[in-house]
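Some notes on the structure that comes next.
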Amino acid sequence: MKALSWLATALLLIIAATVIFALAYPRPGIDPEPTLPGSNQRADHLSGASGSDNVGRPSQWIGQTNTAVVPEALPASLSGTSAPSGWARVDRNGNLIPTPSLRQLFEYYLSALGEEPLRQLVARIEQELGRLVEPAHSEALNILGNYLDYKLALGDLEASYGQGPVNNLSETERRMQEIQALRRAWLDADTAEAFFAREEAVDRFQLEQRRIAGDDTLTEEQRAQALVAAEQALPGPLLRAREDTRRFAEYELARQNLADNPEALRAWREEAFGVKISQQLAEVEARQQAWDQRWQAYRQERQALERAGLAEPEREAAIKDLRGRYFSGPDRVRARALDSLQ
């Protein structure tokens, strides 16, 4: 179980690092009265909102949403999940300490935009913030209102950019600076830093990557050194995630190259990860190999059943029995899920 937990953590690191550096950071916009988004459309991708007087800014709703009916059941997309924790931090004087978790709380509910009206989602957030006492409670409500107005303004700004791709480095940098300035126009410095510091560090790193890659005056060695120097400016968790990604990429290559030499692969693992983690990796890989062998044997027998021409009820019963002979517990659930994808 510990090995599986460790592997899951490692995979999450890899996935997180991949997502972070795949230029997948959305620039959130918010529609004050959404009518368009489908269930597969992220709320922070919505834009085109109007700041006209007849609509009003979302900050004007703060403290006015207590009349909104908030269903006990969460929106479908949030069903079975929990709101982020760790956001209710205060200093010795009871003042709110802005954190990335507070923004995550806002976005957790706003991600359901389209399933529920924005006013109702704001009411849900206000309910969460209600656990704070003064002055932190009022400070949190003020940040929420400013954050909603920022997202509305951001949608307007992005609409002015148009839909075409940006290939010019100076234009990319100009837009990045405009967005960062917009954040600080709506949010105080401490809140903007808490909410966006990591994201902005990645933006700067990616911009520097592009600048280095396009500098024809650099040799390959100089380019590599410049990239390493740029990477060192990343926040510690992101830097470690990139290092972990590289290590596991190197390990995958070693697994391929040393597939016929288990002893050499074990030595490589121990040198790269240490003896304890090396043993955990070996155990997880042994279980995966056993799974692969059972899965292949099961698939062959299932294909034979498929060709037998059985009627649908008999075929389903035979497959269920076959799956029960090869798998048990979570493995049986996994096999059934994989079957459904065939």
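- Rounded to the nearest 0.5 Å, atoms OH (Tyr147) and CG (Leu110) are 7.0 Å apart.
- Arg124 places no side-chain N or O within donor-acceptor distance of the main-chain N or O of Gln120, the cut-off being under 3.5 Å.
- Here CG of Asp149 is found 12.5 Å from CG of Leu154. Values are rounded to the nearest 0.5 Å.
- Defined by atom type and a distance below 3.5 Å, a donor-acceptor pair is missing between the side-chain atoms of Asp292 and Gln296.
- Interatomic distance, CG of Leu141 versus CG of Leu96, reported as 10.0 Å (0.5 Å rounding).
- Taking the six-membered ring wherever Trp is involved, the centroid distance between the rings of Trp291 and Phe327 falls below 6.0 Å.
- In this structure, OG in Ser101 is found 11.5 Å from CZ in Phe106, a value given to the nearest 0.5 Å.
- Other residues, nucleotides and ligands place more than 12 heavy atoms under 6.0 Å from the CD atom of Gln303.
- Here the side chain of Ser138 pairs no donor or acceptor atom with the backbone of Pro135 at under 3.5 angstrom.
- The distance between the ring centers of Tyr150 and Phe196 falls below 6.0 angstrom.
- A distance-only check finds no donor-acceptor pair linking the side chain of Arg183 to the backbone of Ala192 [under 3.5 Å].
- Under a 3.5 Å cut-off, the side chain of Glu139 and the backbone N or O of Asn95 do not form any donor-acceptor pair.
- For the residue pair Tyr161 / Glu178, a side-chain donor-acceptor distance below 3.5 Å is found, with atom types taken as modelled.
- Rounded to the nearest 0.5 Å, atoms CG (Asp203) and CD (Glu200) are 7.0 Å apart.
- Side chain of Arg323 to backbone of Tyr298: no donor-acceptor contact under 3.5 angstrom is found.
- Under a hydrophobic clustering in which Ile, Leu, Val, Met, Phe, Trp and Tyr are joined whenever their side-chain heavy atoms come within less than 4.5 Å, directly or via other members, Leu182 and Ile143 fall into the same cluster.
- Note that CG of Leu265 and CG of Asn261 are 8.5 Å apart. Values are rounded to the nearest 0.5 Å.
- The neighbour count for Arg223 CZ, taken as heavy atoms of other residues, nucleotides or ligands under 6.0 Å away, is above 12.
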